[in-house]
Amino acid sequence: MRSRFLLSAVWCLWTRRAAGPTCRHMSCGLPLEKLFVRGGPLRSFLERQAGCEAHLKVRGPELVAVAKLLREKEQELQETEHLLRDENEDLRKLAESEITMCQKEITQLKHQIILLLVPSEETDGNDLILEVTAGVGGQEAMLFTSEIFDMYQQYAAFKRWHFETLEYFPSEIGGLRHASASIGGPEAYKHLKFEGGVHRVQRVPKTEKQGRIHTSTMTVAILPQPTEINLVINPKDLRIETKRASGAGGQHVNTTDSAVRIVHLPTGVVSECQQERSQLKNREMAMKKLRAKLYSMHLEEETNKRYSARKIQIGTKGRSEKIRTYNFPQNRVTDHRINKSHHDLETFMQGEYLLDEFVQSLKDYADYESLVEIISKKN
């Protein structure tokens with residue numbers, strides 16, 4: 001189902017890009033066969049790959065082999081279809097059965113070609129740092145930030161990932177000014193990398209006495225955690241400071257120098273942690289955040305040109321972009337990048353299957369744009 005939808009959407013995107021810049025939504029509804037018609041963008045692309053395997057660095061030989069199987073299977077289908085006009089009824093029934101099987105195999109081969117063409121990102125298998133920060137809207141923005149943080153924590157539990165809070169700065173009435181967490185699990189970053197950006201809420205705040213609807217915002221940042229191979233930091237480039245923790249906490253937290261602040265001198269990037277009583281544990285957490293921030297900066301420099309024209313942005317690049325609206329009076333959540341809405345906000349905020357469906361749609365759309373990019377360059 002995912003690849004079938006991918007095929008129709010890619011055809012729509014390719015034809016619209018050729019015609020000129022327009023608003024692109026995923027409501028194309030064109031059949032799968034459109035993309036593979038003779039003279040179509042993918043068909044022409046695959047035909048050029050036969051005998052030119054070096055053009056695709058990673059999976060060129062495999063792609064050419066699958067494309068060859070597709071051509072052979074399509075030829076077999078054409079030959080079998082001629083038997084439908086045979087006078088022998090038993091032969092016609094046999095041909096019908098063979099055609100059904102052949103069509104299924106052709107569909108599977110087309111799906112396989114699409115998946116082979118879409119490249120994976122270097123960081124897709126990484127763990128990540130989640131950062132949430134209250135934006136415009138005062139206490140209401142902080143309350144919403146707390147709900148979003150809880151939503152992602154529940155989503156991590158839904159995906160059976162590890163979730164560890166690194167920072168948590170609550171507001172006076174139960175909201176959240178800022179928080180960060182480490183999330184680890186299979187393809188965690190691949191799933192959540194498109195969640196970064198401005199999330200907007202529209203509802204009547206708990207503090208509103210006249211029943212007026214307010215609009216507030218909060219910001220999500222998703223930072224991939226690097227491996228030791230991905231990023232090497234010279235200890236001489238760090239200035240590590242300790243201080244007493246501030247804000248709410250037990251007697252021990254506020255009377256010892258447990259809080260840690262690390263400054264990366266070449267870039268000026270700062271990372272702090274006072275979540276734990278142990279200075280050693282806070283230092284470890286602050287270092288984890290610092291590595292993620294530096295690695296994210298490195299990735300953005302590398303991918304800036306590649307993603308400049310894309311609708312869906314990765315990591316911190318989309319921080320200033322309003323990506324999603326949570327409209328409580330209408331019981332609706334809308335992702336503006338893919339024009340997708342759900343009218344069950346309470347279930348969505350539980351961070352389970354509805355959020356997972358949004359995440360999958362965003363991943364699919366990113367694949368569409370990646371595939372269109374590949375075909376456009378080759379054409």
Side-chain angles (χ1 to χ4, degrees), residues 121-124 126-137 141-142 144-156 159 161-170 175-185 187-201 216-226 230-231 262 264 267-273 275 285-304 307-308 310-326 335-337 351 355 358-359 362-363 366:
E121 297 289 340
E122 174 189 343
T123 53
D124 279 351
N126 290 31
D127 295 341
L128 63 98
I129 298 290
L130 163 72
E131 291 187 344
V132 298
T133 306
V136 177
M142 296 179 196
F144 181 56
T145 302
S146 177
E147 293 172 36
I148 293 295
F149 188 72
D150 290 345
M151 180 184 76
Y152 287 123
Q153 185 169 7
Q154 291 162 1
Y155 184 64
K159 302 295 287 187
W161 295 336
H162 172 72
F163 187 99
E164 181 183 17
T165 300
L166 303 179
E167 286 180 305
Y168 198 90
F169 297 100
L176 185 58
R177 299 177 186 276
H178 173 78
S180 63
S182 172
I183 301 178
E187 297 187 329
Y189 181 72
K190 183 177 182 179
H191 281 77
L192 290 177
K193 62 185 177 181
F194 301 118
E195 291 298 296
V198 176
H199 295 236
R200 181 178 69 172
V201 61
S216 304
T217 65
M218 59 81 60
T219 302
V220 172
I222 304 293
L223 312 175
Q225 290 193 37
N230 292 139
L231 182 68
I262 304 178
H264 185 248
T267 61
V269 174
V270 178
S271 177
E272 300 184 35
C273 186
Q275 189 68 20
M285 289 181 168
M287 194 64 194
K288 181 183 287 190
K289 284 176 56 187
L290 179 67
R291 289 176 57 82
K293 287 180 179 181
L294 293 175
Y295 187 48
S296 183
M297 289 172 61
H298 169 70
L299 290 176
E300 283 189 23
E301 290 175 4
E302 287 189 348
T303 59
N304 184 48
Y307 294 135
S308 60
R310 291 194 184 181
K311 199 171 185 179
I312 298 180
Q313 303 296 332
I314 292 177
T316 60
K317 188 175 175 63
R319 281 194 190 187
S320 61
E321 177 193 5
K322 181 189 70 178
I323 64 168
R324 193 172 296 157
T325 294
Y326 304 72
D335 195 290
H336 304 288
R337 297 163 294 179
L355 175 57
F358 259 48
V359 166
L362 288 162
K363 286 166 55 186

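Note that the coordinates shown come from a computational prediction; the quantities given were computed from them, not determined experimentally.
- A distance-only check finds no donor-acceptor pair linking the side chain of D127 to the backbone of Y189 [under 3.5 Å].
- Counting heavy atoms from C-beta on, the side chains of M142 and M218 never come closer than 4.5 Å.
- Ring centers of F149 and F163: under 6.0 Å apart, within the cut-off.
- R177 places none of its side-chain heavy atoms less than 4.5 Å from the side chain of T145.
- Atom OH in Y152 sits 14.0 Å away from atom NZ in K159 (nearest 0.5 Å).
- Once rounded to the nearest 0.5 Å, the distance linking CD1 of I262 with CE of M285 reads 12.5 Å.
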Step by step, would you call L130 with L192 a side chain to side chain contact (heavy atoms under 4.5 Å, CB included)?
-> CA-CA 9 Å; L130 163 72; L192 290 177; over 6 Å; no
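- Without hydrogens or angle criteria, Q275 side chain to Y168 main chain gives a donor-acceptor distance under 3.5 Å.
- Side-chain contact between I183 and Y155: absent, with no pair of heavy atoms (C-beta onward) separated by less than 4.5 Å.
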Verify side chain to side chain contact (heavy atoms under 4.5 Å, CB included) between M297 and H264, making sure each step is shown before the conclusion.
-> CA-CA 13 Å; M297 289 172 61; H264 185 248; over 6 Å; no
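- The minimum heavy-atom distance linking A366 with F194 is given by the pair CB-CZ, 3.4 Å.
- For S180, the side chain to side chain donor-acceptor pair (under 3.5 Å) partners are E167, not counting sequence neighbours.
- A heavy-atom distance below 4.5 Å is found between the side chains of K363 and H191.
- For the pairing with K193, the side-chain contact (heavy atoms from CB on, under 4.5 Å) check across L362, V359, D124 returns one residue only, D124.
- With rounding to the nearest 0.5 angstrom, the NZ atom of K293 is 5.0 Å from the CD atom of E131.
- Looking at T217, its side chain does come within 3.5 Å of a backbone N or O of V136 through a donor-acceptor pair.
- Between atom NE2 of residue H336 and atom CZ of residue R324 there is a gap of 9.5 Å, rounded to the nearest 0.5 Å.
- At least one donor-acceptor pair under 3.5 Å links the side chain of S271 to the backbone N or O of A286.
- Taking the six-membered ring where tryptophan is involved, the planes of H199 and Y326 are essentially parallel, since the angle between them stays under 30° and well short of 60°.
- When all heavy atoms of P224 and I222 are compared, the pair lying nearest together is CD-O, 4.0 Å.
- Between E272 and K289, no side-chain nitrogen of the basic residue sits less than 4.0 Å from a carboxylate oxygen of the acidic one, so the salt-bridge criterion is not met.
- Atom NZ of residue K190 and atom CG of residue N126 lie 12.5 Å apart, to the nearest 0.5 angstrom.
- Formation of a donor-acceptor pair under 3.5 Å by the S296 side chain with backbone atoms of A292 is not found in this model.
- A distance of 10.5 Å separates OG1 in T133 from CZ in F169, rounded to the nearest 0.5 Å.
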